[in-house]
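Worksheet: the structure to be examined is printed underneath.
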Amino acid sequence: MSDWGKVRLHVVTGKGGTGKSTVASALALALATRGRNVLLCEVEGRQGIARMFDVDPLPYQERRLTTGLPDATGGRGVVHALHIDAESALLEYLAMYYRLGRAGKALDKFGVIEFATTIAPGVRDVLLTGKVYEAVQRNARNKGAIEYDAVVLDAPPTGRITQFLNVSNELAGLAKVGPIKAQSDTMMTLFRSPQTAVHLVTVLEEMPVQETADGIAELRSAGLPVGGVVVNLVRPRDLSAEQLAAARAGTLDRAALEADLAAGGIDVTPELVDGLLAEAADHAERRALEDSQRTLVAGLGVPSYELPRIAGGIDMGGLYELARLLREQGMAPAGGER
Amino acid sequence: MARSTQHRPTRVGPATHERAGTLDVDALLDDPTTGIIVCCGSGGVGKTTTSAALALRAAERGRKVVVLTIDPARRLAQSMGIEALDNTPRPVAGVAGEGHLDAMMLDMKRTFDEVVLSQASPEKAQQILANPFYVALSSSFAGTQEYMAMEKLGQIHRDAQAAGTYDLIVVDTPPSRSALDFLDAPERLSSFLDGRFVRLLLAPAKGPARLMTAGFSLITNALTRILGAQFLKDLQTFVTALDTVFGGFRQRAQQTYSLLKADGTAFLVVAAPEPDALREAEYFVERLSEDGMPLAGLVVNRASPEPAGDLSADEATAVADRLRRTDGTSVAAALLRLHADRVRMVERERTLRERFATAHPQVETVVVPALAGDVHDLGGLRRVGDLLAEGA
């Protein structure tokens, strides 16, 4: 079982530079166990998914992206991808609900589409989240459309996420009555339900952790369900607390280190040993800062998951590795159970 | 066709074969003709810290500086004495030397309100300020923050010229997804206010275009059905009211834009050594050169520190694995792994920077190594300032 068994909409947010898109992609791979369909959406017009998976830029149309991470028995599901932009979402919305054949075209001609999607960010957000809502709520009545077991949204950053999901609130001042108002209320019901979880990605540094704490408080006060915290880019933890302390104090056993290096077949020079010890001291300083931030994350009162920093950068193989780590830590089901 | 900010600009290739060297930050700060430094870049690359560090360094080298920040970390703001969001520059205490440093944090809504109040009659202004569309536009319109940062820059510059208060303004730009947003914002706001739909809302029943009006009522009917009648009414009130102050808006935006193109301005593009951040930096550099805007250079923040010695990552990893097989807790193995990681990261970052330099050889660059901790006092800012200058 996973920590988020009931959740069908996973919203992934995070401060810029923390790797939120990477985590969203890895989570989608991890959720796609045998027989399951997962949809990975992006809404910021960045084409980050296409770049990450090295495919052509995504259109406003669901595309099969890749297969999920295999489970113990080799079973795997399918990850689909969708790039949502507000203009296309509005046109689709109008066609679907109002059959605005002629008027729909006229709207575009008179610049209303551009107007509606640029002016009030509320309207823009409703359109973007509305499409996500539609994908989550699909059922057998929507002929020909894929039903998803889970939808992962690569969402706007932490500073904007509550506003982004709190659509009915954003619209409140603008559209007080009418179908858009009613629809945004229905969407809020899903976003506030246990079927949704907003996960926050952070790194173990002061500002991102602070922003995560602020983000959690904001989500809670808006009644939006907080999911887990994914701690990304974690440094290796091979050294014990005593060894780290020794590394900082400069008291690591130099002779033993030299002997080990020589035993490993390395040409030991004083410069090399000095360099390694200096790197160890630097690492120990950063680890101490990480540990103090880790304590703060633990105090946030939500499940947390850790992903390592991959020195060579993230490629496809790296994404599957991160997906495996998320599954192992219980963020996604292990699969093979259905 | 309306231009959309969703789409990337066309790319621009190398301008020269000559490789520019390292950016000399102190020369830039000391040059009396440098009047404005704008720090741009995508979110999370350390723009705020970089701009504060530059401002402090310039002040301590004798200049009269004001730094305009957007969203500083709480403790950094506290240490600079700008926790209060009052939209007025306040002196920073503890600055050494002859120069001085003021700092302020941008209050977007307040800046917008002030523009409205200064442009419209009191009655009209109140009408605008109370309109729900104005509230949405002024507090969360994508681009308002950028536009207001420019507006505030223009104001401070005019005041400084008149009173001689400052000889250098350092501007931090909003944490937008794309660095280009800062340059596009004023145009986006104007094109919105100048858009056909807004024009139609302003004069729905007038003019010879009867056919257009027929088409227009089709639209208003559709909108009323979807959004409710009040929506359209509020919108019309808003657009009508704003139209009276719009001339002023556009004029100010254009003034500030030409200020940015002037000789005294220097753009610094800030990036982290990551593919996304450097790609944004490339777009920005290309845009500046196409628009003939003065680019001073690229700051690559948070670079991984250089590894010591010439032990390769592969060898270090292989030996670490071997040592770990005999002793699972081997310190030597742990240190070799750290070394291998560091070598790989540095190599990767170098490749990324190299790629940037090949495409944009004319851009002077300074690489700032990552600090172990966050910066939240003047001491930390001085350290960053030293690192920025050390590159030279």
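All chains are named by letter (A, B, ...) in the order of the sequence lines, taking the proteins before the strands, and each is independently numbered beginning at 1.
- Taken to the nearest 0.5 Å, the CD atom of A:E279 stands 7.5 Å off from the CG atom of B:L338.
- Contact of the B:R324 side chain with the A:D238 side chain is registered, since non-hydrogen atoms from C-beta on lie closer than 4.5 Å.
- A heavy-atom distance below 4.5 Å is found between the side chains of B:D276 and A:R51.
- For A:Q243, the part lying under 4.5 angstrom from a heavy atom of chain B is the side chain only.
- The part of A:L289 that comes within reach of chain B is its side chain, from C-beta onward, which places non-hydrogen atoms under 4.5 angstrom from that chain.
- Looking at B:L323, the atoms closer than 4.5 Å to chain A (heavy atoms on both sides) all sit in the side chain, from C-beta outward.
- Within the 4.5 Å cutoff, the side chain of A:P236 has heavy atoms near those of the B:D341 side chain.
- Among the candidates A:G16, A:P156, A:G313, A:A247, the residue making the largest number of heavy-atom pairs closer than 4.5 Å to chain B is A:G313.
- Under a cut-off of 6.0 angstrom, the local environment of CZ in B:R383 is sparse, with at most 12 non-hydrogen atoms contributed by other residues, nucleotides or ligands.
- If you measure heavy-atom distances from B:R325 to chain A, you find no contacts under 4.5 Å at all.
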### Query
Where do B:L311 and A:D267 land on the side-chain contact (heavy atoms from CB on, under 4.5 Å) test, with the steps shown first?
CA-CA 9 Å; B:L311 182 62; A:D267 180 19; over 6 Å; no

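- Interatomic distance, B:T329 OG1 to A:L239 CG, rounded to the nearest 0.5 Å: 10.0 Å.
- Considering only heavy atoms from C-beta on, B:E315 comes within 4.5 Å of A:I266 through its side chain.
- For the atom pair CD1 of A:I310 and CE of B:M345, the computed distance is 11.0 Å after rounding to the nearest 0.5 Å.
- Minimum interatomic distance between A:G275 and B:A308 (heavy atoms only, all atoms of both residues): CA-CB, 3.2 Å.
- Counting heavy atoms from C-beta outward, B:V331 and A:D253 have side chains that stay 4.5 Å or more apart.
- Per-residue heavy-atom pair counts under 4.5 Å with chain A were compared for B:E274, B:R344, B:H339, and the maximum is reached by B:H339.
- One finds the CD atom of A:E271 at 9.5 Å from the CG atom of B:D310 (value rounded to the nearest 0.5 Å).
- For B:L371, the part sitting under 4.5 Å from any heavy atom of chain A is the backbone (N, CA, C, O) and nothing else.
- Per-residue counts of heavy-atom pairs under 4.5 Å with chain B were compared for A:E285, A:Q47, A:M207; the largest is that of A:M207.
- Interface residue B:P305: only side-chain heavy atoms are found under 4.5 Å from chain A.
- Looking only at side-chain heavy atoms (C-beta outward), A:L261 and B:L336 come within less than 4.5 Å of each other.
- In this structure, no portion of A:E258 lies under 4.5 Å from any heavy atom of chain B.
- When A:Q210, A:R309, A:K15 are compared by the number of non-hydrogen pairs under 4.5 Å with chain B, A:R309 comes out ahead.
- A salt bridge links A:D282 with B:R342; the closest basic N to acidic carboxylate O contact falls under 4.0 Å.
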#### Entry: Test log, rule side-chain contact (heavy atoms from CB on, under 4.5 Å), inputs A:D260 and B:S330
CA-CA 8 Å; A:D260 275 357; B:S330 162; 3.8 Å; yes

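- Residue B:A313 does not touch chain A at all, counting heavy-atom pairs closer than 4.5 Å.
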